[in-house]
Enquirer: 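Pasting a structure below so you can have a look.
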2 protein chains.
Amino acid sequence: MSAKRGRIPKITIERLSVYLQVLEQIQREGVAVVSSGPLAEACRVNASQLRKDLTYFGEFGIRGVGYNVDELINAVSRSLGIDREWNCVLIGVGNLGKAIIGQREFVRRGFRIIGAFDCDPFKIGEAFAGLEVVCTRHLKDRIRDKNVRIGVITTPPEHAQRVADYLVGAGIKGILNYAPMRITVPPDVTVEYVDIFHHLYSLAYDLALRQD
Amino acid sequence: MSAKRGRIPKITIERLSVYLQVLEQIQREGVAVVSSGPLAEACRVNASQLRKDLTYFGEFGIRGVGYNVDELINAVSRSLGIDREWNCVLIGVGNLGKAIIGQREFVRRGFRIIGAFDCDPFKIGEAFAGLEVVCTRHLKDRIRDKNVRIGVITTPPEHAQRVADYLVGAGIKGILNYAPMRITVPPDVTVEYVDIFHHLYSLAYDLALRQD
């Protein structure tokens with residue numbers, strides 16, 4: 001099995017995330033082998049797109065038979081770097097922050113939130129899902145030697161940049177930003193923006209087209 | 001001003017969402033006119049991509065001068081159908097549901113959650129941000145004549161399909177699904193999936209490449 005060389009584009013990773021979700025659904029149903037047609041249909045992509053995307057992971061498909069579900073899940077996970085655990089911290093313990101801290105899916109997929117931070121004196125010292133909320137000023141000290149690689153920002157937009165600066169100062173190179181605000185970071189830091197509004201805009205656009 | 005005809009692709013809407021966010025940031029700073037170079041840089045796209053995307057909204061750019069910020073915001077909003085209000089309901093009042101109900105950004109962008117539903121008898125009757133939680137079985141009755149167009153699913157994955165069926169049965173044509181589960185709906189219903197894991201996978205992939 002020889003994996004195709006080259007960096008996986010972001011747009012492909014977005015589809016791989018869907019494939020993984022669907023493959024895990026299929027796996028739970030006890031299916032061992034799936035061919036590209038039904039898999040593509042369940043993922044709502046066309047089959048040639050799916051086959052092309054999966055070439056990043058070597059030669060899995062056996063013509064006329066299909067993909068081994070377990071093997072494919074493992075190969076995709078390994079290639080994406082999610083076959084290991086990633087320690088994360090979260091900053092901003094509002095409802096959204098609490099929802100994320102409590103989400104079992106995060107841990108199940110290897111993303112372990114090991115610290116929760118907030119500036120609000122009424123939240124500091126409280127505990128959620130076993131995590132004590134610590135003042136954001138202590139971020140750097142608290143995560144020293146803990147191999148934290150990812151910081152999740154769930155603060156209001158006006159605090160996002162300051163929090164990003166704290167994360168960068170603590171040596172974190174990957175940021176997941178839920179705050180609806182663009183942030184500026186050094187070139188060696190990667191930011192992913194969770195922008196749910198483009199989904200709502202897509203829906204509104206679609207519904208408006210029918211209405212007008 | 002003649003708007004380019006044709007349907008705006010989803011990938012363009014994703015970028016438009018970023019442009020809007022950045023334009024609103026610029027507007028708050030009191031800037032009236034912006035040229036494509038700095039705007040593109042703030043949006044982290046290249047300038048020719050930005051200029052191309054904005055042709056959907058007619059001839060805004062004045063060569064050598066730039067885009068009028070207010071006009072551009074209005075034109076993009078109008079084209080996307082977010083210059084009006086969209087009534088939404090939310091099903092699944094856990095931490096994530098509460099975070100969404102309480103998010104001012106939703107209302108500010110024209111998405112008004114007018115009903116909150118949950119099957120949990122311990123939640124029914126409770127109120128969040130002025131919304132009383134109602135049993136999901138009453139969805140159809142409760143939203144009759146209220147012009148609800150969008151349903152937001154924030155339940156655990158195992159309940160997502162049943163909730164989608166309720167929404168479809170109540171005549172809703174647009175679904176925003178936060179549950180990490182694919183759902184099946186009739187062809188005249190649009191589903192948008194909020195999948196935050198592909199963002200985490202992108203970060204993990206990026207960080208793993210540096211580590212390996």
Side-chain angles (χ1 to χ4, degrees), chain A residues 7-8 10-11 13-18 20-22 25 42-44 79-82 84 86 94-100 102-103 105-106 109-111 149-150 157 173-176 178 180-182 190 192-212, chain B residues 7-8 10-11 13-18 20-22 25 42-44 79-82 84 86 94-100 102-103 105-106 109-111 149-150 157 173-176 178 180-182 190 192-212:
Chain A
R7 200 183 164 82
I8 307 176
K10 264 181 78 79
I11 186 79
I13 294 179
E14 200 167 329
R15 285 192 299 268
L16 289 173
S17 173
V18 176
L20 260 188
Q21 198 183 85
V22 170
Q25 240 166 281
C43 296
R44 312 275 195 286
S79 297
L80 289 179
I82 53 172
R84 63 198 85 175
W86 293 96
N95 280 320
L96 178 61
K98 288 180 206 166
I100 292 171
Q103 230 204 66
E105 284 291 296
F106 260 73
R109 292 175 184 276
F111 299 92
R149 309 293 302 281
I150 293 173
K173 302 293 185 203
I175 295 178
L176 184 67
Y178 276 90
M181 177 67 81
R182 299 282 119 179
T190 306
E192 283 284 325
Y193 292 91
V194 182
D195 170 17
I196 67 121
F197 286 101
H198 75 86
H199 294 294
L200 282 167
Y201 297 167
S202 277
L203 285 179
Y205 179 64
D206 220 61
L207 294 167
L209 280 184
R210 303 179 198 187
Q211 201 172 41
D212 292 342
Chain B
R7 201 182 162 81
I8 307 176
K10 264 179 78 78
I11 186 80
I13 294 179
E14 199 167 329
R15 285 192 300 267
L16 289 174
S17 174
V18 177
L20 261 188
Q21 197 183 87
V22 171
Q25 239 166 281
C43 297
R44 312 277 194 284
S79 297
L80 289 179
I82 53 171
R84 63 199 86 177
W86 294 96
N95 280 321
L96 179 60
K98 288 180 206 166
I100 292 171
Q103 231 205 66
E105 283 291 296
F106 260 74
R109 290 173 187 278
F111 299 92
R149 310 293 303 280
I150 294 173
K173 303 294 184 205
I175 295 178
L176 184 68
Y178 276 91
M181 176 67 80
R182 299 283 118 180
T190 307
E192 284 283 324
Y193 292 91
V194 182
D195 170 17
I196 67 123
F197 285 102
H198 75 84
H199 294 294
L200 282 167
Y201 296 167
S202 275
L203 284 179
Y205 179 64
D206 219 63
L207 295 166
L209 280 184
R210 303 180 198 186
Q211 202 170 42
D212 290 345

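Naming: A, B, ... by sequence-line order, numbering from 1 per chain.
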Enquirer: Within the 4.5 Å heavy-atom criterion, are B:R109 and A:L200 side-chain neighbours or not?
Expert: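 No, too far: nothing below the 4.5 Å cut-off.
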
Enquirer: Would you call B:I196 and A:F106 a side-chain contact if the rule is heavy atoms closer than 4.5 Å?
Expert: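 Yes, close enough: below the 4.5 Å cut-off.
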
Enquirer: Would you check, one step at a time, whether the test side-chain hydrogen bond (donor to acceptor under 3.5 Å, both in side chains) holds for B:R182 with A:Q25?
Expert: CA-CA 9 Å; B:R182 299 283 118 180; A:Q25 240 166 281; 6.0 Å; no

Enquirer: Using 0.5 Å steps for rounding, measure from the CG atom of B:L203 to the CZ atom of A:R149.
Expert: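 The CG atom of B:L203 sits 11.0 Å away from the CZ atom of A:R149.
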
Enquirer: Taking 4.0 angstrom as the limit, do A:D206 and B:K10 come out as a salt bridge?
Expert: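 Looking at B:K10 together with A:D206, the answer is no, because their closest N to O distance does not fall below 4.0 Å.
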
Enquirer: Nearest 0.5 Å, please: how far is CZ in A:F111 from OH in B:Y201?
Expert: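 Here the rounded value is 6.5 Å.
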
Enquirer: With sequence neighbours left out, what residues match B:R15 under salt bridge (Lys or Arg N to Asp or Glu O under 4.0 Å)?
Expert: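 With sequence neighbours excluded, B:R15 shows a salt bridge (Lys or Arg N to Asp or Glu O under 4.0 Å) to B:D53, given in chain and number order.
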
Enquirer: Answer whether the closest heavy-atom distance between the side chains of B:L209 and A:R7 falls below 4.5 Å.
Expert: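 Of all side-chain heavy-atom pairs linking A:R7 with B:L209, at least one is under 4.5 Å.
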
Enquirer: Give me the one residue out of A:I82, A:T190, A:L16, A:I13 that meets side-chain contact (heavy atoms from CB on, under 4.5 Å) with B:Y205.
Expert: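 One option only clears the test, and that one is A:I13.
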
Enquirer: Measure the shortest side-chain to side-chain distance between A:I11 and B:I11 over non-hydrogen atoms and say whether it is less than 4.5 angstrom.
Expert: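 Of all side-chain heavy-atom pairs linking B:I11 with A:I11, at least one is under 4.5 Å.
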
Enquirer: To the nearest 0.5 Å, what is the distance between CZ (A:R44) and OH (B:Y193)?
Expert: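 If we round to the nearest 0.5 Å, A:R44:CZ and B:Y193:OH are 5.0 Å apart.
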
Enquirer: For A:V194, is it the side chain, the backbone, both, or neither that has a heavy atom closer than 4.5 Å to a heavy atom of chain B?
Expert: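 Both backbone and side chain of A:V194 come within 4.5 Å of chain B.
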
Enquirer: Out of A:Q103, A:E105, A:H198, A:K98, which one racks up the most heavy-atom pairs below 4.5 Å with chain B?
Expert: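 Result: the option with the highest number of such pairs is A:H198.
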
